[in-house]
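Data first, discussion second: the structure below is written as C-alpha cells.
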Amino acid sequence: MNYWLVKSEPSAYSWDDFVKQGVGVWDGVRNYQARNNMQAMKVGDLVFFYHSNEGLEVVGLAKVVKEAYQDPTTEDTRWVVVEMTAVEKFPKTVTLKQMKADERLSDLALVRQSRLSVTPVKPEEFDIIIGLAHEG
DNA sequence: GCCAACGTTGGC
DNA sequence: GCCAACGTTGGC
C-alpha cells in the first residue's frame, strides 16, 4: 500500500466536483514525474486531495480504483490517467501553512516540489496528516 | 499581479 | 548536448 497526494485547482475541479462524479478520472497530467507517480499507483492506494491556488489545503481522502491506462484526452501514448473515488471529506482541512510549520513534514514532497501535481507521501507523513485532519 | 521554480523547446 | 528563451504552475 502506497500513499499519494494530488493537486487540483478548485475552480477547475474541486473536491465537491469529484464527490459528485463518484469516480474521478485523473486526466490531463503532462509532466513526466507526475506521470511516473501515477503509473506506480495500485488499486487501493490512498490519495490526499489538495486544493491549489485557492484554499491551499488538503480537503479529503480518495482511493485508487483503476490503475494507469492511456489518457483518452490525447493521442499521445506517453500520458496516462488513473481513476479514483472519494473515501472521506476531512472534518478539519489540513492547510499548507500547517504542513510547512510541522517539522515532522519538512520532507513532504508537496512542500519540497511545490509545482509537482502528483506526489508520493510516506507512511509516517500519511499518519501525521490524517491525525491533523481529525483532531487538528 | 508578481515572481521564483522548474519544465520544455529550439538554435547552435 | 548545451543553454538561452520562453511558458506554466502555484504560493504569496
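Keep in mind it's a predicted model, so treat the numbers as computed, not measured. In what follows, every chain begins at residue 1, and chains take the letters A, B, ... in the order their sequences are listed.
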Inter- and intrachain pairs under ring-ring contact (aromatic ring centres under 6.0 Å, His included), touching residues 54-83 of chain A, at least two apart: A/Tyr32-A/Trp79

When you check every protein heavy atom under 4.0 Å of nucleotides 1-11 of chain C, what one-letter string (B, S, -) results, 5' to 3'? ------BBBBB

Can you name the residues that form a ring pair (Phe, Tyr, Trp, His ring centres under 6.0 Å) with A/Phe18, not counting sequence neighbours? A/Trp15, A/Phe49

Pairs where residues 18-31 of chain A contributes a residue and the test salt bridge (charged side-chain N to carboxylate O under 4.0 Å, His left out) is met, not counting sequence neighbours: A/Arg30-A/Asp71

Residue pairs fulfilling side-chain hydrogen bond (donor to acceptor under 3.5 Å, both in side chains) with at least one residue in residues 53-64 of chain A, sequence neighbours excluded: A/Glu9-A/Asn53, A/Glu57-A/Thr93

Side-chain atoms of residues 116-126 of chain A: list all donor-acceptor pairs with protein atoms under 3.5 Å, sequence neighbours left out, distances to 0.1 Å.
residue, atom, partner, partner atom, Å
A/Lys122, NZ, A/Asp107, OD2, 2.3
A/Glu125, OE1, A/Lys122, N, 2.8

